[in-house]
Amino acid sequence: MDIDVRRVLDSLGDPMLALDRSARVLHANAGLKELLGWSRLELLGRPVSKVLPGGLPELSWGNPPPPSMARQPFRTSALRRDGRPREVEVRLSPWPGGENEGLLIVSLRSLEAQVELERQLRLSQRVHVLDAALTQVFSSALDEEEAAYAILRACGQMEGWVLGSYWRLERGDGVLVPLTVWASDGGLGDFVHVTLQSTFAPPTGLPGQAWTRREPIWSQDVTQDVRFLRMEPAARHGLHGALFLPVQGGRHVHGVMELFSREPREDREADVTLATALGFHFGRFLDQLHHMEAEHTRVNGLRALWDSDLLGLFISDVHGRILEANPTLLRMLGYSREDVREERLTWSLLTPPRERIVTESTLRRLRADGVFQSHEGTLLRKNDSGMPVLLGSANLDGGRVVTFALDLSDWKPTESSPPQETDARLHSLIAQAPVVLFALDRDGLLTLSEGHALESLGLKPGQSVGMSVFDLYRTEPTVLQAVRQALAGEEFFSKILLSNGLMYETHWVPLHDAEGQPAGTLGLALDVTQREHEARWRAQLFEEAEEARAEAERAVRLRDEFLSVASHELKTPLTSLSLQLHTLLKRAKQSERPEDAETAQRLEKAQRQSHKLARMMDELLDISRLAEGRLRLELSNVDLVQVVREVLERFQEEAQRTCTHLELRADEQIVGRWDRTKLEQVVTNLVSNALKYGAGAPVEVQVHSSGAMALLEVTDHGIGISPQDLGRIFGKFERAVPVRQYGGFGLGLYIVRQLVEALGGGVDAESTPGSGSTFHIVLPLAGPETRLPPPPAQADLH
Ligand code: ADP
């Protein structure tokens, strides 16, 4: 074979073979290996039937194949190397002329995707057909047996089954019992007979297994399947393929269907898919059928009862509204048909408050799981008197409930014994207490609701008994959260809850039943709205005050900074102004000219003002230093008496001008370890105040020593200070006089105290308004260091 042929085939991706005239393989390319698994060497020289068992269309190998052949691909089954068949499309082309004339090129194409598609199409077609048949069955069948037979027949005829049976699950006994069998011909009678004799308990036999597994079981050939119990009669009748499918409704299995074919079944997937669909539809149909049957029985039974004059009967909806009532009930309770039509009657209207809880919870249980225990109770007549009755209810559809009431008046006298005295006392106590006392059962139904605080909720005691707290508070998740916590059995806990815009302090105690299981909760709620508001208001005030304080501190800091800068800046020009004034005054005084005498007077006034200004500047400077913690003491031995003398001297002129007598009474000399300038400042401020507020009356200054202390007293007989102001005048910017009458910053005394305390001493004042004040200063002679002597005991400790 020409090397060209091989090269050409290898260069093509499609699976290809080259055959010689006797249809033996000359070459197989990589594509073929990929498709079928055969390698070139395995096929070399082998007949083509090894790959294509169906062979090729008859060819006269002696002649060149007709050119038209290439245009007619055909479908066949190729054999894979692992023995499995594979659908392929084959196209044959003769090698065109030349040395290789007579060679045949076979190209293959996998039809797997197409085959799968066709399979799906066929399956959906089958499902569709079956579905249509089932719809018809379900619309006409009257009962389970009829429906099952029709389904078996439709399915058998369409899907190639020859026999089918339906086993119904007898719920009470828990066994599968044959209900009906369909057979395509009478020849299967024997097998039908055996089938109708058998019952299966789970998980025996294939029907039993399908039931317990709740999924279809497919058997290619039951005569080979050890799980199949009727193997012998099946073999006798030539039954092989089989399918067992559970018929399952929304909740439970209704039964099992089985189908048999004469041929072993081939397409498991299709059979199972169809079976699942069939089981599902039939199951749902049976659900509906059973429901209707039950309803039918109920309605028929009801009708007989409805007309009886023994029982009172009524039908209510989920909301407890009474939709229908029989004449007996209306007569018993004194209501009219009109009352029912107008929907005036409700369960709660007919039930005394104390029994609502019982009624509500039994109705809830009834709706949830259909269980209702008849019980004795009371129904309220229209005239509000109670009638003892035996009550019982049953579920209808749509949440409706039918209730019977049997009048027990003849058997049971109405009990109206007065409550025990203690009960009454307790009750009246709770009724007046500003609380709500409540209890919930395990379902969250109110069994107790008492207390005066109910009023603020717009409720009367007992009014909400029987209602579900989950309904009442459904829009208040925080309340419900506490309820859940309590119902879960959490130990005593307290919680502040917001409800209806009011605030409650709630306390929850778990209740337990005889077995110690959580059985509800007992709760107490106190209306604390007012209290909480006040607390919040107080907190808010406090917060505001704190803010104001912080704000004030900030403002003071700013002002201090400003003062510090301002006083520094002003001090310089002021000093130069003072010097100028001093020079000018000196000149004016020395002058002979009469007009200069007046100038001198004015200059003196100006100088006084400038001194005053300078003092104020000093105050400001001091205060800014104090504020910045920059007060530095220069300590030396200072004679206090001398300092006082000098200061008084400086004030002499001012004193004269205001006709104030300045008197000093002092020891000879009092020396202490102090800062001279600071002492001057202290004395200056006190004397200056005495003159300022002394109303021209004499001012006495006394300086004495007493032990290790020096005492300084400045007394005036002026306006005095009221007792309430005495405490604050040593504070920063504190003043007790109107600005218009007395200028000043309110810093003098503050500075005095700061300086005296810095020197280790203290200051206070006594005063009688209108008759004068005395300021006392005490200073340790030894200076500030002695202020805090170490406690003597401290040494012993070590
Ligand atoms: P200022 O004198 O600048 O107002 P001070 O700190 O020196 O500031 O005094 C604070 C306040 O104490 C004064 O405003 C005044 O009301 C009161 N005060 C001080 N000394 C006397 C005094 N000797 N007699 C009456 N009131 C006084």
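All ligand and atom numbering here is 1-based and tracks the order in the structure. Start at 1 with the first residue, then count along the sequence.
Contact annotation: for Ser773 versus ligand 1, heavy atoms closer than 4.0 Å belong to the side chain alone. At a heavy-atom cutoff of 4.0 Å, ligand 1 is contacted by no atom of Tyr742, backbone or side chain. With a heavy-atom cut-off of 4.0 Å, Asp716 touches ligand 1 through its side chain alone. Heavy atoms of Val737 found under 4.0 angstrom from ligand 1 belong to the backbone as well as the side chain.
The nearest protein atom to atom 21 (C) of ligand 1, hydrogens excluded, is given as Tyr693 CD1, 3.4 Å; this is a heavy-atom distance. Taking atom 6 (O) of ligand 1 as the reference point, the nearest protein heavy-atom neighbour is Leu749 N, 2.8 Å. Nearest non-hydrogen protein atom to atom 16 (O) of ligand 1 is Ala736 N, 2.8 Å. Looking at atom 17 (C) of ligand 1, its nearest protein heavy atom turns out to be Ile729 CG2, 4.0 Å. The nearest protein atom to atom 4 (O) of ligand 1, hydrogens excluded, is given as Arg735 NE, 2.5 Å; this is a heavy-atom distance. Among protein heavy atoms, atom 7 (O) of ligand 1 sits closest to Asn689 ND2, 2.8 Å. Residue, atom and distance of the protein heavy atom nearest to atom 26 (N) of ligand 1 are Ile721 CG1, 3.2 Å. Looking only at heavy atoms of the protein, atom 3 (O) of ligand 1 is closest to Gly746 N, 3.0 Å.
Sorted by first and then second residue, the salt bridge (Lys or Arg N to Asp or Glu O under 4.0 Å) pairs with a member in residues 495-512 read Glu505-Arg531; sequence neighbours excluded.
Contact analysis leaves Gly718 out of contact with ligand 1, as no non-hydrogen atom separation drops below 4.0 angstrom.
Each of the following atoms of ligand 1 lies closer than 4.0 Å to a heavy atom of Glu734: 10 (C), 11 (C). Atoms of ligand 1 lying under 4.0 Å from at least one heavy atom of Leu747, given by number and element, are 6 (O), 8 (O).
Of the possible donor and acceptor atoms, none in the side chain of Trp674 sits under 3.5 Å from a partner among the backbone N and O of Asp639.
For Arg608, the CZ atom sits in a packed shell: over 12 heavy atoms of surrounding residues, nucleotides or ligands are nearer than 6.0 Å. Under a cut-off of 6.0 angstrom, the local environment of CD in Glu544 is crowded, with over 12 non-hydrogen atoms contributed by other residues, nucleotides or ligands.
Note that the CD atom of Glu654 and the CZ atom of Arg650 stand 12.5 Å from one another [nearest 0.5 Å]. To the nearest 0.5 Å, the span separating CG on Leu633 from CG on Leu755 amounts to 8.0 Å.
The shortest N or O to N or O distance between Ala690 and ligand 1 is not under 3.5 Å.
Salt bridge absent: Arg645 and Glu649 never bring a charged side-chain N and a carboxylate O closer than 4.0 Å. Look at Arg657 and Glu604 and you find no salt bridge, because none of the NZ, NE, NH1 or NH2 atoms lies under 4.0 Å from a carboxylate O.
The aromatic rings of Phe438 and Trp508 sit perpendicular, their planes meeting at an angle over 60°, well past the 30° parallel limit.
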>> If you apply the rule side-chain hydrogen bond (donor to acceptor under 3.5 Å, both in side chains), what do you find for His717 with Glu700, and how did you get there?
In response: CA-CA 9 Å; His717 304 278; Glu700 296 123 35; 3.0 Å; yes
